[in-house]
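Since the structure comes first, as structure tokens, the remarks are kept for the end.
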Amino acid sequence: MKWMHRISALTLAVLLGACGGAKPAGEPGHEDESQAEAGGHEEEGHEEAMDRTTIAAKVAQDAGIRVAPAAAGVIADEHEVQGLLTPVEGRVAKVMARFPGPIRTLRANVGDRVRAGQPLATIESNLSLTTYTVPAPISGVVLARNASIGTVASEGAALYEIADLSELWVDLHIFGADAQHITAGVPVLVTRMSDGVTAETTLERVLPGTATASQSTVARATIRNLDGLWRPGSAVKARVTVDHQPVNLVVPLGALQTAGEDDVVYVRRGDTYVTRPVRGGRRDAQRVEIVSGLKAGEQVVVEQSFLVKADIEKSTAEHEH
């Protein structure tokens, strides 16, 4: 992703140059703001002139830089697990031949969508020598076709297998001590491996047995298959949230950057963006707790923070030369 950052940083540099809105703190037009910064943050002696940049509001907006106040929030206690999609029990049906005889027609193939009552095959009965129709018992998708035209169907032979895939089970495999924390009723975010699409659901039950092959506990949820691209047999990953812990100060993970060996965020004051070293605590997939280095209400860059970092690093390099 480094090349994307370089391109984005270059874009920001072009915007800055075109608009003429970026001036180092201390140039004409910024005297009041610089003095206010110096007076308001004298206790923060670690903020150096080179650890900041000035970006006009219009330029920042065009570059997608967005800020939000640091505030109290929650950190989720989450467990990342793997799982498998399976058809919902009771929504799979076999299309059976009622009487033995040669198969004259087959009207569906694997992957076709069929409706309940739709004719799928005709068979000439060996008993009556008349042809009868075999309909689809449910609406769904053809998963298997087990017959060919001209062959003889035996009584009770399965010609097709059909499944209603409008909903699917997600069987999640829970290992070790995690099984003691994960219970029915907690929220689950399921992610499709093929394209990263997610679905929100709720854990319905933890099965009483253990999966023989993996020796894991199986927890089950149901998802809606709205786009038809959640496929039985596919592996998925899921995030199970078992608790939420309140914390005094959080910022989005996208706000956090590194400068040297420090974790930092970028605080906006007016049109000036200042590097602020912070100490992080607990985190989840979206947020990180800030233990020190930041105060509630300070305006923190939460989107495109890497552009601010790149501009500050560029200014620092030019200063050193």
Practice task
Can you establish whether the number of heavy atoms outside E89 located under 6.0 Å from its atom CD is more than 12?
Solution key: no
Does [X] reach the main-chain N or O of [Y] with its side chain, forming a donor-acceptor pair under 3.5 Å?
{"X": "D112", "Y": "N109", "answer": "yes"}
{"X": "Q118", "Y": "P135", "answer": "no"}
{"X": "T241", "Y": "D243", "answer": "no"}
{"X": "D263", "Y": "R279", "answer": "no"}
{"X": "S305", "Y": "G254", "answer": "yes"}
{"X": "D77", "Y": "H244", "answer": "no"}
{"X": "D262", "Y": "V264", "answer": "no"}
{"X": "T201", "Y": "T222", "answer": "yes"}

Least distance between heavy atoms, [X] atom then [Y] atom:
{"X": "P232", "Y": "P87", "value": "CB-CD, 3.9 Å"}
{"X": "L203", "Y": "R220", "value": "CD1-O, 3.7 Å"}
{"X": "V88", "Y": "E167", "value": "CG2-O, 3.5 Å"}
{"X": "I123", "Y": "A97", "value": "CD1-CB, 3.7 Å"}
{"X": "V92", "Y": "A163", "value": "CG2-CB, 4.0 Å"}
{"X": "V301", "Y": "Q304", "value": "CG1-C, 4.3 Å"}

Exercise for the section: For R104, check side chain to side chain donor-acceptor pair (under 3.5 Å) against everything at least two apart and list the hits. Expected result: E124
I need the [X] [atom1] to [Y] [atom2] distance, nearest 0.5 Å.
{"X": "R224", "Y": "L168", "atom1": "CZ", "atom2": "CG", "answer": "11.0 Å"}
{"X": "F175", "Y": "Q82", "atom1": "CZ", "atom2": "CD", "answer": "9.0 Å"}
{"X": "L307", "Y": "I65", "atom1": "CG", "atom2": "CD1", "answer": "5.5 Å"}
{"X": "L159", "Y": "E161", "atom1": "CG", "atom2": "CD", "answer": "12.0 Å"}
{"X": "S166", "Y": "L226", "atom1": "OG", "atom2": "CG", "answer": "9.0 Å"}
{"X": "Q257", "Y": "F306", "atom1": "CD", "atom2": "CZ", "answer": "8.0 Å"}

Joint hydrophobic cluster, [X] plus [Y], side-chain heavy atoms closer than 4.5 Å:
{"X": "V67", "Y": "I290", "result": "no"}
{"X": "V267", "Y": "L253", "result": "yes"}
{"X": "V288", "Y": "L249", "result": "yes"}
{"X": "V206", "Y": "L172", "result": "yes"}
{"X": "V302", "Y": "V59", "result": "no"}

Side chain proximity check, [X] to [Y], heavy atoms < 4.5 angstrom:
{"X": "V81", "Y": "V240", "answer": "yes"}
{"X": "V188", "Y": "T202", "answer": "no"}
{"X": "R192", "Y": "L229", "answer": "yes"}
{"X": "T258", "Y": "K309", "answer": "yes"}
{"X": "V278", "Y": "R276", "answer": "yes"}
{"X": "L120", "Y": "V134", "answer": "no"}
{"X": "Y266", "Y": "T275", "answer": "yes"}
{"X": "E155", "Y": "F99", "answer": "no"}

Practice task
Compute whether any side-chain donor of one residue and acceptor of the other, for T133 and T122, lie under 3.5 angstrom apart.
Solution key: no
Handout entry: Test item: side-chain donor near acceptor, Q245 and R282, under 3.5 Å
Key = yes
Using 4.0 Å as the upper bound for N to carboxylate O, is an ion pair formed by [Y] and [X]?
{"X": "D284", "Y": "R287", "result": "yes"}
{"X": "K58", "Y": "D271", "result": "no"}
{"X": "R268", "Y": "E298", "result": "no"}
{"X": "R239", "Y": "E80", "result": "yes"}

Handout entry: Derivation of the side chain to side chain contact (heavy atoms under 4.5 Å, CB included) call for S234 and L85
Key = CA-CA 6 Å; S234 298; L85 299 178; 4.2 Å; yes
Practice task
Using the side chain to side chain contact (heavy atoms under 4.5 Å, CB included) rule, take L294 and V251 through it: C-alpha gap first, then chi angles, then the decisive distance, then the call.
Solution key: CA-CA 10 Å; L294 194 63; V251 297; 3.9 Å; yes
Practice task
Apply the test side chain to side chain contact (heavy atoms under 4.5 Å, CB included) to residues T272 and V274: give CA-CA distance (whole Å), side-chain angles for both, the deciding distance (0.1 Å), then the verdict.
Solution key: CA-CA 6 Å; T272 301; V274 180; 4.0 Å; yes
Exercise for the section: Test Y273 against every option in D51, T54, V300, I55 by the side-chain contact (heavy atoms from CB on, under 4.5 Å) rule and name the one that passes. Expected result: I55
Handout entry: Step-by-step side chain to side chain contact (heavy atoms under 4.5 Å, CB included) determination, I138 to R91
Key = CA-CA 8 Å; I138 63 171; R91 297 191 180 185; 5.5 Å; no
